[in-house]
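Convention: sequence-line order gives letters A, B, ...; per-chain numbering from 1. A quick note: this is a predicted structure, and the numbers were derived from the prediction, not measured.
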Amino acid sequence: MTGRQLAAWALVALALAVVPVLLPSAFYLGIATHALIFAIMALSLNILIGHGGMTSLGHAVYLGVPAYGVAVMTMQLGWSPVPTILFALALGTATAALFGVLALRASGLGFLMITLALGQVMWGAAYRWVGLTGGDNGIRLSGRPTLFGINLTDAVPFYIFVALILFMALFCLWQLDRSAFGACLRGTRDQPRRMRMLGHDVWRIRWTAFVLAGFWGSVSGVLYCYDYQYVSPAALSLPQSAEALLMVVLGGAGTLAGPVVGAIVITAIKTIVSSYVDRWYTLLGLTFIIVVSVMPTGLVPGIAAWVKGRRA
Amino acid sequence: MALSRRLLVQSGLGAATVALTGTVARADEPIRIGFLTVKTGPLAAGGIQMEQGMNLFLKLRGNKLAGRDVQLIVADTAGSPATTRTKAQELVERDKVHVLIGPLAAFEALAIADYVNTQKMPTLGVAAADDTTQRSASPWYARATASAGQCAHAIAHYAATELKYKRMTIIGDDFAYGHEQNAAFLRVFEDNGGKVVQKLWPPLNAPDYGTYVSQIKNNVDAVFMSFAGSNGFRFTKAFFEYGLGGKIPLIGGMTAMDEAILQQTGEDAVGIVSANWYSAAYDNPANKEFVAGMQRDYKIDPGYYAAGPAVAGAVLEAGMKALGGRFDDREALMKAMRTAVITDSVRGPVKFDDRGNAIGNIYIRKVEKKGGKNVNTVIKTYPDVSQFWTYAEAEFLAKPVYSRDYPPAKNLEN
Amino acid sequence: MQFWIVQSLNSLAMGGLLFLLSAGFSLIFGLLRIPNLAHGALFMLGAYFGATLLASHMNFWLAALVSGLGVGLIGVVLEAVLLRRLAGNEQGQVLVTLGVAFIIADLCLLTWGGDPMPLGAPRALRPPVFIGGFAFPGYRLVVLGFALVCALLLWLLLERTRLGAMIRAGVDDREMARSVGIPVSRLFSAVFFLGAFLAGVGGVVGGPILSAYPGLDADMLPLALVVVILGGVGSLPGALVGSFIVGGIYNFGSALFPDFAYVVLFLPMVVVLVIKPTGLFGRVLR
Amino acid sequence: MTVPALQITQLAKSFGGVAATRGVSLTIMPGERRLLIGPNGAGKTTLFNQIAGDFLPDSGSIELFGETITRLPTRKRVHMGLGRTYQVLTLFPRDTFLHNVALSLIGSEGGGWSAWGALKHRSAMLEQAEQALVGVGLGQAAHRRVSETSYGERRRLELAMALAQKPRLLLLDEPLAGLSAEERETVRVLLEQIPRDVTIILIEHDMDVALAFADQITLLNFGQVILEGTRAEVIADPRTREVYLGG
């Protein structure tokens, strides 16, 4: 790592660390925690959208399935946290492995539609398979776990836990970005045909990306379940998938910081701005339109270009 | 009257200073009511009426309850469980409300159930999920409206004993609220000699009810429907489109013929019998004033969603009165509300059972055309109905919660 | 027997409704390559316009036309102001059309409130038709007929007029069309108008069956997507056949496999797409 | 007897009823320089696409160095020694020249991107990539992004990416397209320098360069082989005139 990169990472760590100090109350820290969890979800989706050029409208599956995994294992089978978490991650990743095989039969809009349909099937299953999921009543968790001797019930330790995982996710995805695999994945995004002609197994590259996205999505799903201590079909719904997509595109697909920024902006509009503006839904729509009109590639690249332009 | 947010933020600065200096509520501090409702998205219809009902109730009280000023803080849950939880946190932790009213939907109520418990926050619910006042009742939760099964019990009894239906089809939204109503109906109807011969479950997001309507057996005595929101209205329309209206009687559960959709349903609605703990046509002074106010301020007749907060407000008022206007001791306030006996709410008399659910009148209503508009005329009153109907509480609770398949339907025909 | 006849009629009638919903979406997607996620919202807007006009006692078909024109106009503005500069930026288009959908939905809620609004069919078309002893709603047959007429007119427009020839050329190869001097920008506006117009008319004609209510947009959009995916993108016969297939799957699926009612549309779609990723009639979806 | 580098037998393919390739047979011996000519739409690039495996033929067979590859996926053909450049540039515009070639090398590794470590730590491979760039005279451009370079440089990058994989059979689709006279000369020299153990099939409209380069010429029209022979034979044949001047 170069000195500059090290400094950048230190800055990220510092930024995550000062949030609990700066925020006035546990309530705002809770919102920050929600935003970071969705940031992890958006980061995972960005592997597909930004790096792989595969627009998925069914990413809520990897939020909801592991969340249900945590809830069912904890509440119905009484498993302890560590095996529960491992199981939920494995469940979400395995789902991605299977759904990836199905969705990658197509590309472009076909891919988008298969992911959407699979998401709707899982949503329907959650609604209907009442014995397992509790239907629309969902499953309530009896509290946050104690992991490695640390009780995550309070806002501060849970925030730190989530922030640590976000930091890990950022670092892993940064590594991915710089790896040979990352280069191949971007290659399949820009020139799939050429990639084949260079001897690459395009399908396997995409499928691996799908599974990776599923894994990191599952990480956010586990955190989501512990955060809200409740899971219902809403976690698997199309609006949830669309929201994740919007976070990625709003912040800037293909950039590392974009999904995080997108997640923070959308969470802020939904939870904070909505307290002051009745028509926050319109405001959210306007935000999308304005961002795309002014910065077609998203907030992070747009602002970066603007800053560069001012310096020059 | 809902205070504007900006005003609230300004006065909130004062409140924050108070919190910092650790002073307990000032003697002249207003009671802050956190109101969770849905103002955006597909569920907003009921949510907007909830807010209107609450606003009107407070307006009619001169924005004072038991002599104390009221600050109403409204939060939009957007019909999402995750947002509901965040908004509940906002109201409790940031706005430091003294009592919560709402939220609208069962899954929203369930999403905050544990939070309300750990925060020991007095909550007056309106959502119908049975178990929130049954097997998983909470000391911090009370529901002045009804459980999903509560009204269905009554109309099932009415259908079997007064309408003398023997064979019925039941149809409802395929989610917990529909399941619970239909299960309650089935139990009481069959315990009183009727037979449910067909159960149909359209999914919540059914684009069209034609396919379901055309499956209804043509040899049943009547059809019972338990729908929420606009689904009841759309089902009724399809029922008449397919020529079943007038041939097979249609009766409805708690929200199937809600005042919110009564006018839109038009001629088709006339004659439909349903059960609810409320009717805009219920005749007592409190309700007369309330209905007139809704018509004046919002040009609508109040229904389930508007009346719920008005009843909750009456409960809160009664609790505060019992404490001489005090509300700072949450435990005392909750206890006072749950032991209150209210005689003159918009739904008539109401009190709570030991699990926090309302015991009150259930009205059998029939849609009639009066003065050019549809009204739910009360044709029979079941007084003091509890969520357990006539069953013994212990026996009732020993059985599983009402669901899609419980109690089992033994008389289905293919 | 009666079951099969009635459900077949249901399927056909719903197919007609779905065609009105999805033809515009398919056109816009086929020519402009814009996944117009505001299409459900435009359909809902048409229904609300229709409900308002009908409440003021306008003739039903006139109301459908006026609503269609109104929604079509909004579509043109949307295309010209927001979407034209995003050509080729699919993610931007997704974001903008979803943003527009949010705004339309929220403004509808603001304007018309949350309660459902009925749209009455013309009185003469309301009574059930009796077919061999059982009743079938007459208006649904009208919708079916109307959809078929629309399909025919659209087919004539696309196959028999100069405008249609240009549109087809644009669908087949946009660059080629531009190079032979077809005014692609104006063509795009025309197609967007047509697509939005169809959504608006569909909202009114479908209104007596569906009504106008908050959430109609979200209920309809996935249906349009399913139809277009099954039928193939940008193909009018595909949209027509896809509509009837989806109508059939929905009606028979919900009746025969009630336990799968929640997934009755999407499960078959997954199966079809996995076996034939191009849809039943489609070209490669890229 | 030597095994042909490429043997195509009765290859046919049609798209929605329109025949693109009609029973093409072609034998190309190792080390050969073969030129494909024919008017636009004759099916030259379509033939390349089938040799590369972009789509599968309706009938007929393709053998690469004696092994049947008719239904193999593209990447397996590449691993057997097939390389290709495109008429329309297909590069990775957001990456540097070096990364473009690196992707090519990773692809020829066969199981490929097994390495999850950072790309920049794979120094041996990057060295190799740089050599390939030096080979086409782009040594200085290695760290520039594709989007910042000239068209002529990109054309040479196309070539470098194909050559880096050390193919045994190379398909070159109009490597001179769009180049200035000066640049053509550079590329011509590069082509001349490709060792004879690489078999080359070339599509090119610059007849001066192409005819000088080729050993054998195949004339295609309407997806069919019209005739095949040496430069002199093909030029002399009246059918060539017919095809080009319209008949």
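Taking CG of Leu225(C) as the start and OG of Ser26(C) as the end, the distance is 11.0 Å to the nearest 0.5 Å. Taken to the nearest 0.5 Å, the CG atom of Leu119(C) stands 5.5 Å off from the CG atom of Leu54(C). To the nearest 0.5 angstrom, Leu250(B) atom CG is 10.0 Å from Asp268(B) atom CG. Atom-to-atom distance recorded for Phe19(C):CZ and Met14(C):CE is 15.5 Å, nearest 0.5 angstrom. The OG atom of Ser22(C) sits 10.0 Å away from atom CG of Leu27(C), with the distance rounded to the nearest 0.5 Å. If you take OH on Tyr298(B) and CD on Gln52(B), they are separated by 5.5 Å, rounding to the nearest 0.5 Å.
Only the side chain of Leu223(C) comes within contact range of chain B, with heavy atoms under 4.5 Å apart. Both the backbone and the side chain of Ala261(C) come within less than 4.5 Å of a heavy atom in chain B. Only the side chain of Gln49(B) comes within contact range of chain C, with heavy atoms under 4.5 Å apart. Within the 4.5 angstrom heavy-atom criterion, atoms from both the backbone and the side chain of Tyr242(B) approach chain C. With a 4.5 Å cut-off on non-hydrogen atoms, Lys247(B) does not touch chain C at all. At a 4.5 Å heavy-atom cutoff, the contact between Asp106(C) and chain B is made by side-chain atoms alone. Both the backbone and the side chain of Leu210(C) come within less than 4.5 Å of a heavy atom of chain B.
Between chain B and the residues Pro118(C), Gly114(C), Pro258(C), the most heavy-atom pairs under 4.5 angstrom are made by Pro118(C). Options Ala135(C), Ala13(C), Pro116(C) differ in how many heavy-atom pairs under 4.5 Å they form with chain B, and the most are formed by Pro116(C). Of the listed residues Gly243(B), Ser214(B), Gly229(B), the one with more heavy-atom pairs under 4.5 angstrom with chain C than any other is Ser214(B).
Using a 4.5 Å heavy-atom cutoff, the side chains of Ile171(B) and Trp201(B) are not in contact.
Applying side chain to side chain donor-acceptor pair (under 3.5 Å) to Glu413(B) and the options Arg167(B), Lys217(B), Gln198(B) leaves one that passes, Arg167(B). Partner Val246(C) forms a side chain to side chain contact (heavy atoms under 4.5 Å, CB included) with one of Val228(C), Leu18(C), Val264(C) and no other, that one being Leu18(C).
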TODO: Carefully, step by step, assess Gln7(C) and Asn10(C) under the rule side-chain hydrogen bond (donor to acceptor under 3.5 Å, both in side chains).
DONE: CA-CA 5 Å; Gln7(C) 292 299 4; Asn10(C) 275 335; 3.0 Å; yes
- [ ] Assess whether side-chain hydrogen bond (donor to acceptor under 3.5 Å, both in side chains) is satisfied between Ser226(B) and Asp173(B), documenting all intermediate values.
- [x] CA-CA 7 Å; Ser226(B) 46; Asp173(B) 286 324; over 6 Å; no
- [ ] For Asp301(B) and Gln263(B), run side-chain contact (heavy atoms from CB on, under 4.5 Å): C-alpha distance rounded to whole Å, both residues' side-chain angles, the deciding distance at 0.1 Å, then the answer.
- [x] CA-CA 9 Å; Asp301(B) 286 347; Gln263(B) 304 315 323; 4.0 Å; yes
- [ ] Test side-chain hydrogen bond (donor to acceptor under 3.5 Å, both in side chains) on Glu108(B) and Thr77(B) and set out the steps.
- [x] CA-CA 8 Å; Glu108(B) 295 181 313; Thr77(B) 66; 2.4 Å; yes
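Residues of residues 202-213 of chain B lying under 4.5 angstrom from chain C, judged on non-hydrogen atoms, are Pro203(B), Leu204(B), Asn205(B), Ala206(B), Pro207(B), Asp208(B), Gly210(B), Thr211(B), Tyr212(B) in numerical order. For residues 254-262 of chain B, heavy-atom neighbours of chain C at less than 4.5 Å comprise Ala260(B), Ile261(B), sorted by residue number. Using non-hydrogen atoms only and a strict 4.5 Å limit, the part of residues 122-129 of chain C facing chain B consists of Pro128(C). Among the residues in residues 211-220 of chain C, those with a non-hydrogen atom closer than 4.5 angstrom to a non-hydrogen atom of chain B are Ser211(C), Tyr213(C), Pro214(C), Gly215(C), Asp219(C), Met220(C).
Heavy-atom minimum distance, Gly120(C) versus Pro208(C): C-CG, 4.2 Å. Closest heavy-atom contact between Pro268(C) and Ile249(C): CG-CG2, 3.7 Å. Heavy-atom minimum distance, Ser274(B) versus Asn376(B): OG-OD1, 4.2 Å. Closest of all the heavy-atom pairs between Glu180(B) and Ala128(B) is OE1-O, 4.0 Å.
The aromatic rings of Trp4(C) and Phe252(C) lie parallel to each other, their planes meeting at an angle below 30°, with 60° marking the opposite boundary. Note: Phe25(C) and Phe29(C) have parallel aromatic rings, judged against thresholds of 30 and 60 degrees for the angle between ring planes.
When the shell of 6.0 Å around OH of Tyr406(B) is examined, it contains more than 12 heavy atoms from other residues, nucleotides or ligands.
Checked against the 6.0 Å centroid threshold, Tyr278(B) and Tyr304(B) do not count as a close aromatic pair.
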